[in-house]
Amino acid sequence: MGTDGGAGSDRGEAAILTTHNTFTKRKEPFAPLEEGTARLYVCGPNLYGPVHVGHAFSYAFFDVVRRYLEYRGYRVIHVQNFTDIEDRIIERAGREGRTIFDIAREYIDRFFQEMDALGIRRAHHYPRASEVIPQIIEIIQGLIARGHAYAVDGDVYYRVTSFPRYGHLSGRSLEEMQAGARVEPDPRKEHPMDFALWKTAKPGEPSWPSPWGPGRPGWHIECSAMNLQYLGPQTDIHGGGEDVIFPHHENEIAQSEAFTGRVPFVRSWIHNALMKPPVGEEMHRHLGNFVSLREALAQYDADSIRLFLLGTHYRTPLRWTDEAVPAAARGLDRLRTALANAEDAIARSSDQADGSLTEAAVRVRQVFEKAMDDDFNTPQALAALFTLAGEINKVADAVVKGTGEGRAGLWAATDTLRELARVLGLSLPRTGVDATLRPDLRALLVEARQQAQDLFPDAADGSAEEIIQTLLAGRQQARARRAYALADRVRARLGELGIIVEDLPNGARWRPAPRTTDLRGSSG
RNA sequence: GGCGGCGUAGCCAAGAGGCAAGGCAGGGGUCUGCAAAACCCCGACUCCCCGGUUCGAAUCCGGGCGCCGCCUCCA
């Protein structure tokens, strides 16, 4: 077995991926139920409002989990739910005179737009609670039949005392939970910790017909139904923020295992730590102190945000601040610059071999894999990338100075850097300029032509990139004539537009400045 | 009250018995018309504090101090 697509089979290493399992509180070797296939379920958002950077952290991390599993040769089946039936959405719908489906549609559209922008690969299935009502009813009926649930006045509750392992995931016993209970127990419940599987409809609320009368599902049951529907009775990895360990995931285990009889429901529970807001300790949508993903994307580019998010291990809390994120953006610039330096050096390098850099690429890949194998240690993996960038720069520097060569090694190293960065979801785009800058660039060109028409041809129809190239070419001639004032002025003006110009021995190079503020905003 | 976690350089952050990764910021130097980038050199005599175990502890044990999460909806 393991000859086709097993873990790391194409890497020749018998490395073992270990993941921290919340259920056992230990790191365990990743061993999927089905050889070569990884079933991944990630708890998705409640659609009552926009997602914030904390959600982005969770989804970006699990995106990396998926990418790494695929890098390791697994076929991944990735499912993420949308909660479109829940108290807050219903409340909001009532307040705004809309349907819950209307609200859900708005935020699903927005969700995809923002996730795409962040470079998060789409899951294979995005079931919504409202789409699995028949499966939910079937599960509830099964639970009643097996004595794990009971109906009262149109509500159905899960009987926690019927499930001996209840509390294991969150590490507490029924007695402990009762001691800390902060809500008045519903007298109709057999046990205070019994939770709702089905809620009878209140006037004006959306409802579905059921054997217990019109009503709607409780929150936890949707995920049990979706798992069963899309991944089967057992899943390899089930993830989410650590705030949903209890009661959500605890209840999922109780429902799913009691219904299917298959244990464990999930082989490895993975929970990310929560992100803190710039000020305060908890970032919550209902507290109103969150940084929305939309705001974040307006201010920073996707790679910078990802680099920031992955710079802390996923089980360590991190804080979104106006110092830390720009610092990550500048760090990202170092990675991009290394690639640009390598390309520049390759262009002027003639020989074929450079053993040291080729070896460095192999070594860095090993370090990267070792880090990722150890419970997705992205900070260490990132450090490996920076090490490789440094090695690339050294060789590129030597090539430029004429003291070294290394075309083959530079190729190998840049390929490796790009490939491993992609596993972390970093796209490291070569360049690229905001198309909305074109009018400003045009104006700058017109201004330059007024100074020296012979140096700057009128690129009236050119794209933003072409205008930049025209400006740089003219500037180069100006420099050749020692017209430094003009050359420096063009460079400074480009700088104001977020275009950094670097004069290299063989010509000028440009790149977008690390985006640490909203260039379109008032601060720019 | 119960369960769990955290405290490492100016900032962010890995490491979990054997010379304290990496990034950002900072200082000096090389290169450059200048700038930028890159390269070279420099930074915790020490990992919240106090004890203990050990040849050896940031890492293990005990006790403090400070901060936080969950126990109710939350990624």
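Only this structure's heavy atoms are used, side chains among them; waters, hydrogens and symmetry mates stay out. These figures come from a predicted structure and were not determined experimentally.
As rounded to the nearest Å, A75(B) and C67(B) have C1' atoms that lie 22 Å from one another. On the P atoms, G66(B) is 44 Å away from A38(B), given to the nearest whole Å. Distance noted for atom C1' between A14(B) and C55(B): 28 Å (whole Å). Taking atom C1' on both G23(B) and C60(B), the two are 31 Å apart, rounded to the nearest angstrom. Comparing C48(B) with G7(B), their P atoms are spaced 8 Å from each other, to the whole Å. Separation of the C1' atoms belonging to G62(B) and U54(B) is 16 Å when rounded to the nearest angstrom.
By the 6.0 Å and 45° rule, Arg334(A) does not stack over the aromatic ring of Phe386(A).
Using the Watson-Crick or G-U wobble rule with both distances under 3.5 Å, C11(B) pairs with G23(B). Base pairing analysis places C55(B) opposite G18(B); the two distances defining the Watson-Crick or G-U wobble pair are each below 3.5 Å. The partner of C47(B) is absent, by the rule that a Watson-Crick or G-U pair needs both atom distances under 3.5 Å.
Between Tyr41(A) and the choices His125(A), His249(A), His238(A), the ring-ring contact (aromatic ring centres under 6.0 Å, His included) rule is met once, by His238(A). Among Gln299(A), His52(A), Arg110(A), the single residue meeting the side chain to side chain contact (heavy atoms under 4.5 Å, CB included) criterion with Arg294(A) is Arg110(A).
For Phe376(A) and Phe62(A), the ring centers are positioned 6.0 Å apart or more.
By the criterion of a centre-to-centre distance under 5.5 Å and near-parallel planes under 30°, the ring of Tyr484(A) forms a stack with the base of G33(B).
Considering only side-chain atoms of Arg511(A), the nucleotide from A13(B), C34(B), A36(B) that sits closest is A36(B).
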